[in-house]
Amino acid sequence: MLRALGADARPVRRPEELTEIDGLVIPGGESTVIDKLSRAFGVAEPLKAAIAGGLPVYGTCAGLILLADTVRDSIQGQQSFGGLDVVVRRNAFGTQLDSFETDLDIPELGADPVHAVFIRAPIVEEVGPAARPLAELEDGRVVAVEQGNLLGTSFHPEVTGDTRFHEYFLRKLG
Amino acid sequence: MRAGTSARTRLIGDTDVTDTTGNAGGSSFGTSRVKRGLAEMLKGGVIMDVVTADQARIAEDAGAVAVMALERVPADIRAQGGVARMSDPDLIEQIIASVSIPVMAKARIGHFVEAQVLQALGVDYVDESEVLSPADYVNHIDKWDFTVPFVCGATNLGEALRRLTEGAAMIRSKGEAGTGDVSEATKHIRTIKGEIAALGAKSADELYVAAKELQAPYDLVVEVARTGHLPVVLFTAGGVATPADAALMMQLGADGVFVGSGIFKSGDPAKRAAAIVRATTFYDDPAVIADASRGLGEAMVGINVSDLPAPHRLATRGW
């Protein structure tokens with residue numbers, strides 16, 4: 001999707017690859033695994049420093065969990081990179097049977113609703129003063145947040161092909 | 001009426017179809033996008049067979065992206081013989097309660113009631129699996145009928161496309177489970193990849209015959225020919241026992257790896273599980289694979305597939 005938008009996208013698995021990028025997307029996946037591997041391969045600490053230094057990062061689903069300062073329902077010993085002043089609950093909706101898709105109104109991205117797919121998704125339960133909610137479900141639960149160069153969504157724009165969130169993020173890279 | 005809701009909009013290929021089944025307050029559950037989406041999130045990862053809650057926790061700690069709950073690992077099913085069935089619901093519930101990663105469980109081929117039970121238990125994915133004794137030697141489960149997504153095995157492209165037509169949301173090449181011999185897994189992933197590449201080289205008029213030969217819907221065959229890949233995630237399974245085996249599967253083009261008996265039939269399961277996860281992530285980096293392969297203790301002893309009499313081969317189950 002980033003390539004389709006004209007960005008030079010490349011995978012990041014090693015610490016030295018972090019120095020070659022202007023921004024980072026942490027996609028969906030299993031947050032516990034991303035956390036463990038990023039620490040085992042020495043990516044976690046340099047990434048935390050880069051986030052503190054203003055690196056633009058967009059996290060979807062598991063990526064949102066990893067950007068949250070506080071994670072609820074994490075497994076023992078699970079850590080996050082942090083940066084977003086929010087409290088996020090993992091698997092907040094339940095099992096795969098509770099996964100769903102729905103339309104969200106997000107004025108920042110234009111008048112057309114964003115069709116969002118939630119897969120064993122997290123929820124933002126508390127938004128601290130530094131962060132700003134971008135999207136809510138009909139019942140008011142927050143599913144997208146922004147804080148400076150950081151962006152996080154509970155859902156997966158990469159699954160539906162709606163490019164607006166990624167375009168919004170790429171504008172942070174200047 | 002069988003489990004699930006009324007006939008669901010059937011999205012076999014990539015075509016975007018608005019699915020309003022299960023619509024509650026503008027939200028849709030159990031859509032193809034939601035089912036296939038979970039498999040997308042497992043890409044690049046390792047799914048491990050576990051038979052107890054303790055094993056499930058070891059798998060989660062080692063970095064598994066999901067666990068497969070079953071009563072006996074394939075190596076034991078092979079050794080002990082008898083009819084292999086869906087696991088005890090108590091065991092599945094214990095495993096669901098013990099981990100936070102997705103839990104899959106196996107139903108017999110064609111046994112749609114076992115699948116209904118697994119859905120009722122709240123598993124995240126059902127594997128309609130040749131590792132268990134088939135319940136129907138003609139029909140597979142109508143997987144469109146369910147909210148829970150299904151993964152199915154395939155030895156070739158035609159089999160994979162037929163399973164997609166029945167509603168599978170994820171495909172795994174079969175390999176020969178419970179052997180520790182990776183040769184069949186290699187054959188099946190190469191076959192599927194090779195047949196997809198061959199489709200791409202065909203002209204439009206040849207695709208009609210290709211669809212007939214693959215015994216798969218024409219539109220789906222055309223789509224695979226055009227895109228060069230299945231419309232779902234393709235994992236591999238059956239006989240993976242070492243970090244290098246897992247990396248081999250990834251270099252052959254698998255999106256991820258199922259490891260069955262290879263972990264908990266080995267000398268040091270926790271260490272081997274973590275090593276296989278590392279080798280799967282860094283599948284293209286021999287230095288990391290070498291490092292992951294050190295000091296793992298005994299690998300599972302294994303059986304050479306060529307020594308297995310044909311009736312004992314599991315991969316031939318499913319059609």
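Order of the sequence lines sets the chain letters (A, B, ...), proteins ahead of strands, with each chain counted from 1.
For a heavy-atom cut-off of 4.5 Å, chain B lies close to Ile75(A), Arg90(A), Asn91(A), Thr95(A), Gln96(A), Leu97(A), Asp98(A), Ser99(A), Phe100(A) in residues 68-100 of chain A. Heavy-atom proximity under 4.5 angstrom to chain A picks out Val277(B), Arg278(B), Thr281(B), Phe282(B), Tyr283(B), Asp284(B), Asp285(B) from residues 277-285 of chain B.
Shown here for Thr32(A) and Ser100(B), the closest heavy-atom pair between the two residues is CG2-OG, 4.4 Å.
Most heavy-atom pairs under 4.5 Å with chain A: of the set Val123(B), Asp61(B), Asp124(B), this distinction falls to Asp124(B). When the candidates Pro149(B), Ala66(B), Ala274(B) are compared by the number of heavy-atom contacts under 4.5 Å with chain A, Pro149(B) comes out ahead.
With a 4.5 angstrom heavy-atom cutoff, Val99(B) does not touch chain A via any of its atoms. Residue Ala116(A): no heavy atom, backbone or side chain, is found under 4.5 Å from chain B. Only the side chain of Arg120(A) comes within contact range of chain B, with at least one heavy atom under 4.5 Å from a heavy atom of that chain. Interface residue Ala64(B): only backbone heavy atoms are found under 4.5 Å from chain A. Looking at Leu42(B), there are no atoms closer than 4.5 Å to chain A (heavy atoms on both sides), in backbone or side chain. With a 4.5 Å cut-off on non-hydrogen atoms, Val159(A) touches chain B through its backbone and its side chain both.
Side-chain contact between Phe41(A) and Val288(B) is present, with heavy atoms from C-beta onward closer than 4.5 Å.
Checking Glu101(A) against Ser28(B) by side-chain atom types alone, no donor-acceptor pair falls below 3.5 Å.
Between the OG atom of Ser27(B) and the CG atom of Leu137(A) there is a distance of 7.0 Å, given to the nearest 0.5 Å. If you take CD1 on Ile101(B) and CD on Glu30(A), they are separated by 6.0 Å, rounding to the nearest 0.5 Å.
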